[in-house]
K.L.:
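Before anything else, here's the structure in question.
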Amino acid sequence: MRRGVHLLSLTAACTLSACAIGTDTSYVTSVSSPADAKIISMGISSFMRTQLPAASTTIVLDPTPSEQTSNALTPMLADCLLGQGFAIAMSAAPDNGAHTLRYWVTPMDASGELVRLMIDRHKTASQFFRRNPEGNLETGGPFTVAQIEASR
């Protein structure tokens, strides 16, 4: 039964956070600790390296809402992506071949943070970062990936 409760909580969090953001917008709540931002950023950037060739890829990070521009995660994520060998651009011109990355980071009660990604508006991935007994974030498993099918 407990597993069903967590699944229901996960679904509710995904639905509620999707209502709070617009199209082409990333979203970050509750990540204010530089240590938490670093763990999540390292996880995202390592995952992106499995999805795209770093040395020849430019990534555009979809912006967060104006009230979240000072979040701790976004600059750390850009730094980690650069450290993995990606180039970062401010916008995606139709002809520059940049890939877009939208990210949503939302709390799952006190147990951790749910990270969801959308790459180029057709691939999604999610990973749970749990809090260990000391209160630090750590990965709760691998990223789960899904492909979004075009409507027919």
K.L.:
For residues 59-70, pull every pair meeting side-chain hydrogen bond (donor to acceptor under 3.5 Å, both in side chains), keeping only residues two or more places apart or in separate chains.
P.N.:
Asp62-Arg102
K.L.:
According to the salt bridge (Lys or Arg N to Asp or Glu O under 4.0 Å) rule, which pairs have a member within residues 25-47, sequence neighbours left out?
P.N.:
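Pairs touching residues 25-47 that pass the test: Asp36-Arg131.
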K.L.:
Taking only residues two or more places apart in sequence or in another chain, which ones pass ring pair (Phe, Tyr, Trp, His ring centres under 6.0 Å) with Tyr103?
P.N.:
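Counting only residues at least two positions away or on another chain, Tyr103 forms no ring pair (Phe, Tyr, Trp, His ring centres under 6.0 Å).
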K.L.:
Could you give the distance from CG (Leu101) to CG (Leu81), rounded to the nearest 0.5 Å?
P.N.:
7.0 Å
K.L.:
Check whether any side-chain heavy atom of Thr29 lies under 4.5 Å from a side-chain heavy atom of Pro107, and answer yes or no.
P.N.:
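The answer is yes; the side chains approach within 4.5 Å.
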K.L.:
Which value, rounded to the nearest 0.5 Å, describes the distance between Ile40 atom CD1 and Ser33 atom OG?
P.N.:
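Reported to 0.5 Å precision, the distance equals 9.0 Å.
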K.L.:
Asp79: what forms a side-chain hydrogen bond (donor to acceptor under 3.5 Å, both in side chains) with it, not counting sequence neighbours?
P.N.:
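Here no residue qualifies.
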K.L.:
Hey, what do you get for CD1 (Ile59) to NE2 (His99), rounding to the nearest 0.5 Å?
P.N.:
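Going from the CD1 atom of Ile59 to the NE2 atom of His99 covers 8.0 Å.
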K.L.:
Once rounded to the nearest 0.5 Å, what's the spacing between atom CG of Leu77 and atom CD1 of Ile44?
P.N.:
5.0 Å
K.L.:
Would you mind listing every ring pair (Phe, Tyr, Trp, His ring centres under 6.0 Å) that reaches into residues 106-148, with sequence neighbours excluded?
P.N.:
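Listed by first then second residue: Phe47-Phe143.
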K.L.:
With a 4.5 Å heavy-atom cut-off, do Glu113 and Leu137 have their side chains touching?
P.N.:
yes
K.L.:
Among residues two or more places apart or on two chains, list those pairs meeting side-chain hydrogen bond (donor to acceptor under 3.5 Å, both in side chains) that have a residue in residues 40-57.
P.N.:
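Checked against side-chain hydrogen bond (donor to acceptor under 3.5 Å, both in side chains) - neighbours excluded - the pairs reaching residues 40-57 are Gln51-Lys123.
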K.L.:
Considering only residues two or more places apart or on different chains, which pairs with a residue in residues 59-79 satisfy ring pair (Phe, Tyr, Trp, His ring centres under 6.0 Å)?
P.N.:
none
K.L.:
Using every non-hydrogen atom in the two residues, find where Met108 and Leu114 come nearest and quote the distance to one decimal.
P.N.:
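Nearest heavy atoms, Met108 then Leu114: CG-CB, 3.8 Å.
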K.L.:
Report the residues that fulfil side-chain contact (heavy atoms from CB on, under 4.5 Å) with Thr144, sequence neighbours left out, ordered by chain and then residue number.
P.N.:
Ser126
K.L.:
Looking at CD of Gln84 and CE of Met42, how far apart are the two atoms once the value is rounded to the nearest 0.5 Å?
P.N.:
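Between Gln84 CD and Met42 CE, I get 9.0 Å after rounding to 0.5 Å.
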K.L.:
Return each pair, listed once, that meets ring pair (Phe, Tyr, Trp, His ring centres under 6.0 Å) where at least one residue sits in residues 52-74; pairs must be two or more places apart or across chains.
P.N.:
none
